[in-house]
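To keep things clear, I will list the structure first and then write my remarks on it.
Start at 1 and go down the list; that is how both ligands and their atoms are numbered.
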Amino acid sequence: MATQKQLSKDETIIQVVSELNGPALIDDVIDEVLRRWPTRAKDPKGTMRSHIRRYMPAESLLVLDDALVAPTGLVMRGVCFRVVVTTAEAEGGYLNVGDSFHFFWRRKLAGKQISFKDAKGTQIAGTLQMESEQKQGPWGLYTNVLMTFRMGEWFKKEGIRTDDSILVTVEDWDAGIFRLEREAAEVTQRRQTEIVEADQRLLNWLYDRLENSGSEMILAEPAVLAAHVQNCSYPAYPGSHWLDAMRQDGRMDCWDQYTIRYADAPSPFDFLSDDEPDEIELPEEKPLASEITQKVFTFYAYFKHNKKLWRRIEIQGEHDLQDFDDILRDAFGHDSDHLSGFWQRIRRGKTNRYREVDLATTSSLAEYRENAWQQLGSLDLKVGDQLKYVYDFGDWIEHTLELESISDPQVDVEYPRIAERNKPSYRNCIECKAEGKTTRAVWYCVTCTDSSDVLLCNECAKEHDDHYLEEIVY
Ligand SMILES: [Zn+2]
Ligand SMILES: [Zn+2]
């Protein structure tokens, strides 16, 4: 009796998907995979769904949206993209396929397996060449392998010049066959509006995928390929190359060529070359509209881990984050001898997940400040937005600041101010209590506190003068 070789989970998924003749419901695929590859996992369907969505390489299948998967080779047929010819390429009669065909050129294909056809379907003569060049990167000199396809004759015949576009259509993704068509730079120029629209469609699709992912990044290859299948398949007119479009759009980047992340998330490049962290790149400092400088931003501020302790802070649009830090320290009784920082909490799409964007480091000492000059009015805050404020990066005392309203200032009020605070529930000095007196405690002795809190009034605190005391926040 012939024994069937036991397939692994991934092999089973690939087998099921390869039998499809078009996009299929991910739920149906999961059912079939589980039929062939039974598992005793707690939530087999859920586990399988997240495995397929997150870990299956684009080589075998693409997750097209929440509901659909498809075999990659099948849906990649007809995908179009644009390559703008550089001066070096025009003069040398070649295309830098290593860069511009990245992801579109199936990784499993052996080096030589790439071929091009012209608009009529005739094979374009040429050779693939690999050259090493020394390049200056953030970590010093490195060797870059340049993969070029030399097709000087076709370039000459088509009259290809700098800034012309080559419109590429995937004929056969599995075999690495592409169709090329020249578009003169003047034509591209005339069709700018369509290109801008196509770029927006592609980038919005990718951004949506990023916003809806569990982590704050997505794998670039499956996302870029699926984005093209959904937005740039024949007969769609191709927008800019996705890397150019992404650079112009500015919301995301793909600096490692492997993952797509929020552009305002920190990247390793932020920490290079200097001992001091670089300033976060911020939009140019623009003078604020006079209307917003006077507006009063009312924040409901509370300790993240003790919401009973809250303050209502009013601060104007013209005040900067250092002013905000000063009033918050005052409001919550923090010393001036530690650093503090602000983050903006940004809701990710329509999900209930937030990501945090670094705004500023604040300090009583100017030399430690970073971006503390940003004015409240310049942060583009809306009612309901949240900021995170941390006092002391060692003890990490975290506060949440909710923007309750933006209103006109009252006459004769000086801002910023603490407009309101929680009703204090005062506690008494334990040493006075032992003597039968009732005195309000002001200090908390960290040194003496063991199983019960050692709370002291000003007078009794004097006898703990070499102890570590903290002022009690009410
Ligand atoms: Zn006392
Ligand atoms: Zn003590």
Should the ring pair Phe81 and Phe104 be called parallel, tilted or perpendicular, given that the plane angle runs from 0 to 90° and is split at 30 and 60? parallel

Looking at His464, the N, O or S atom sitting nearest the Zn ion (ligand 2) is ND1

Could you pull out all residues at least two apart from Ser8 that satisfy side-chain contact (heavy atoms from CB on, under 4.5 Å)? Asp10, Glu11

Distance below 2.8 Å from the Zn ion (ligand 1): protein N/O/S atoms: Cys429 SG, Cys432 SG, Cys457 SG, Cys460 SG

Of all the N, O or S atoms in His467, which has the shortest distance to the Zn ion (ligand 2)? ND1

Would you call Leu328 and His334 a side-chain contact if the rule is heavy atoms closer than 4.5 Å? no

Side chain proximity check, Glu19 to Glu32, heavy atoms < 4.5 angstrom: no

For Trp343, all residues meeting ring pair (Phe, Tyr, Trp, His ring centres under 6.0 Å), sequence neighbours excluded: Trp396

Using the side-chain hydrogen bond (donor to acceptor under 3.5 Å, both in side chains) rule, collect all pairs that involve residues 464-474, keeping only residues at least two apart or in two chains. Glu431-His464, His464-His467, Tyr468-Glu470

Basic-acidic side-chain contact under 4.0 Å: Arg427, Asp453: yes

